[in-house]
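Just below is one structure, and these are the notes that go with it.
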Protein chains: 2
Amino acid sequence: MEAELKEMLKDLESLKSLLPDPSHLSSINKLQSRVEHITNMAYSTPMRRSKVKDMSAEVVDSNPYSRLMALQRMGIVNNYERIREFSVAIVGIGGVGSVAAEMLTRCGIGRLLLYDYDKVELANMNRLFFRPEQVGMTKTDAAVQTLSDINPDVVLESYTFNITTVQGFDTFMTSLRTKAFGPSKEGNGVDLVLSCVDNYEARMAVNQACNELNQVWMESGVSEDAVSGHIQLLIPGETACFACAPPLVVASGVDERTLKREGVCAASLPTTMGVVAGLLVQNTLKLLLQFGNVSPYLNTLSVLDELLPLFLSQGYNSLKDYFPTMEMKPNPHCSNGACLERQKEFLLSKPARDAAAARARMEAEAALVAEGPLHDDNEWNISIVDDSDVEASGAAISDALPEGLTRELPSADHFQKPQAAEPSATIVDDLEELKKQLEALNAD
Amino acid sequence: MEAELKEMLKDLESLKSLLPDPSHLSSINKLQSRVEHITNMAYSTPMRRSKVKDMSAEVVDSNPYSRLMALQRMGIVNNYERIREFSVAIVGIGGVGSVAAEMLTRCGIGRLLLYDYDKVELANMNRLFFRPEQVGMTKTDAAVQTLSDINPDVVLESYTFNITTVQGFDTFMTSLRTKAFGPSKEGNGVDLVLSCVDNYEARMAVNQACNELNQVWMESGVSEDAVSGHIQLLIPGETACFACAPPLVVASGVDERTLKREGVCAASLPTTMGVVAGLLVQNTLKLLLQFGNVSPYLNTLSVLDELLPLFLSQGYNSLKDYFPTMEMKPNPHCSNGACLERQKEFLLSKPARDAAAARARMEAEAALVAEGPLHDDNEWNISIVDDSDVEASGAAISDALPEGLTRELPSADHFQKPQAAEPSATIVDDLEELKKQLEALNAD
């Protein structure tokens, strides 16, 4: 439309040269000023936020990052600005993926890779994010439009193809490997993959890619009856992969389009999908920015090890407002070859990891004893989790699922260690207690 | 802009009459067609969704309600279309209230009353809903703009004033009482009030209005460090009011603006606020549409009684993904006079309620015994909760709060019955068991 308006100004100018009569000239001048007015109205009224070079903690109404940088002042995150260094891939820009993308964009993530091949329909309007005027656009184009308006600081890449086709899967793998952003980083081109797809084949494709690339990912899903959902952290070789264990409360293996052909569709609610997206991105932030850790000596272990006791698989049953948590170990008989390779690597590196953990722990304990209680007033409810107790409680294997969860697929060979809703770690409230235990050990 | 374009067409027409030369005429015709083209681009490109008279379950891409009506086919909700009969007031259109408003709009709620006196700022962009081009608009105007585009079927009313001033409080009370929608309904003009405010005074104003009007409401809040939140159902006379018990994990009593003047602000995250909004609206839907009930005989009691064992106060600590639930009884020494009146009314009506409940229960049990197990395959995880066990477990009073929650204000005189994270009701898995118990009772 802008081009059209410019052309009009040119046409009016040439018309002017043809008409020497001053009365005509004034008419054309009036027309020109109208065109300029329309141009101004169309292109300068909507205030667009300009890019922000550095994240500032300054408390002014015009600072889009003040409430996020306040997380540092509150002692929640050590270095919030690091969020700009991370790349996150979101596969499936539907009811969960689109909201997750918006949350990460508003949080100021560095780079987002968006994968979807579907178009926006009015039938999607019962979930957050897409607007009726975007109907007919690809979900990736519509998402880039909305997200770049919200936060122009985020680097957005859209991939409009089906990752379950042979060619699509190859392109998917290549895009995850490519280090367009932070080329000096180790590993792949992305820090985390979020799976927000609605069918079994797509989940298996994400699983395959992440197993092959040794890429940490999180899986999410909402049940077909719209009232339950889950998120799950998958670390190749260390936790169960998607092929190791049957999925919990996942939409069934049937593709949405097959259902639609039969004249039925799955139910969905913006509430359940919003809660699942919120839990998914909250855990993404915890993983990337390393917060939510409960223990100073766990801090010295790797980010992923720290997260293990906090979050592995989070369910949500909205009928009961019930949130069971469980841990899933990999299946040594998994059908996925890449998963078995990652498991072998993880086992081989175990002695080195154990030694490093023990060393870090001893140092931290010694420092604590020397310095005295660190968290005496304990403003942020920080408590110390004894690592060995986590493992001990994990040994109490039960085949039962937490109440309210059902298996979607038949049981796999190995489906291990469901845990209670609360992390079953023993909390050492009192550092004096810890000191006494250490002294008792020394006395022996 | 449309008027400006029309004026241009007129100007061009009058210019035509002044110029007899055919070569000039063609130039002007070209200009006219450009203006028409621009008008079309500006006013017909964005597809606006038209109003929908009746909610249909038809599975076509153009039906915005197909995935919601599917809740009926899935057996979750009996009559989804009833959502159009309800009015919900949302006080505070910030990080939680705006998302709650969007969720209810997308769900097709009948009427939304939106209260806020603040303006949109760039500093709000770290939460969902508002867009940078809305900066400077009142939050109510910006919300009406976005929500009416998303779903023109919803009746939107905006109230741009501070409910904590004397005049504001009066207008607030009048607006809640006014039966503009469903005038034949009993009670007030709204079915539910959602409090999504960020300060103590505003919460006390909502509490006062709802106590005076005997109006059921839900309170919500997010902590200043952005990682915890809560929702709470308040039924005047039946549950604790906001003055009965100190709030849990609420933002402190300090007004946001006071903090800002001091150069500090509270942290906030779109994730925590999205989760709290999702839990709030999910429970709003359960309350209005009467689903999520676990027992057939509880169905015969009032909607509110059904909800009591399911949801009273829901906390969320994102650092641990921990969701404690607790029940709060009213304080017989509450400082709020209207609360004490509602408590008296509730006590006076107790014998009648108990008798009705007992009758309904006996009838339901007799029907169950006669018909045999209803939920043998139990596809939706429906289980029967024994009401008496809920009360029995409630008797085990403990002063301790669930782990991870702290009191923001000093303890009130009476702060009753914190419960475990899981509803502590005994689940009767087997209807045969119930039958045996009834037979044993008869044998005595």
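Every chain is numbered from 1, with letters handed out A, B, ... down the list of sequences.
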| query | Top residue by heavy-atom pair count (under 4.5 Å) with chain A, among L104(B), T146(B), L128(B), V99(B)? | reply | L128(B)
| remark: If one checks every heavy atom of K30(B) against chain A at 4.5 Å, the contacting part turns out to be side chain
| Got a donor-acceptor contact below 3.5 angstrom from the R49(B) side chain to the R131(A) backbone? | no
| request: Mind listing the closest non-hydrogen atom pair of L269(B) and C107(A) along with its distance? | output: CD2-SG, 4.1 Å
| task | Evaluate the side-chain proximity of M8(B) to M8(A): yes if any heavy-atom separation is below 4.5 Å, no if none is. | result | yes
| query | So do the side chains of C265(A) and R67(B) get within less than 4.5 Å of each other, counting heavy atoms only? | reply | yes
| query | Going from CG on N126(A) to CG on N151(B), what distance comes out if it is rounded to the nearest 0.5 angstrom? | reply | 10.5 Å
| task | For side-chain contact (heavy atoms from CB on, under 4.5 Å), just list the numbers for L285(B) and T271(A), CA-CA rounded to whole Å, side-chain angles, deciding distance to a tenth of an Å, and then say yes or no. | result | CA-CA 9 Å; L285(B) 296 175; T271(A) 46; 4.3 Å; yes
| query | For Q72(A), is it the side chain, the backbone, both, or neither that has a heavy atom closer than 4.5 Å to a heavy atom of chain B? | reply | neither
| Can you say whether I28(B) sits under 4.5 Å from chain A via the side chain, the backbone, both, or neither, judging by heavy atoms? | side chain
| request: Report the option among N124(B), L71(B), L280(B) that has the most heavy-atom pairs separated by less than 4.5 Å from atoms of chain A. | output: L71(B)
| Are side-chain heavy atoms of S14(B) and S27(A) found at a separation under 4.5 Å? | no
| With chain B, which of L12(A), V281(A), L31(A), D149(A) has the greatest number of heavy-atom pairs at distances under 4.5 Å? | L31(A)
| query | Rounded to the nearest 0.5 Å, what separation is found between the CE atom of M125(B) and the OG1 atom of T105(A)? | reply | 13.5 Å
| query | Between R34(A) and D11(B), is there a side-chain N and carboxylate O pair less than 4.0 Å apart? | reply | yes
| task | Could you tell me which portion of N63(A) (side chain, backbone, both or neither) has an atom closer than 4.5 angstrom to a non-hydrogen atom of chain B? | result | backbone
| message | Between R106(A) and R127(B), is there a side-chain heavy-atom distance shorter than 4.5 Å? | response | no
| said: Is a donor from one side chain sitting under 3.5 angstrom from an acceptor on the other, for T272(B) and Q282(A)? | reply: yes
| query | Roughly how far apart are Y65(B) OH and L122(A) CG, rounded to 0.5 Å? | reply | 10.5 Å
| Who wins among A267(A), A70(A), A277(A) for the most heavy-atom pairs under 4.5 Å with chain B? | A267(A)
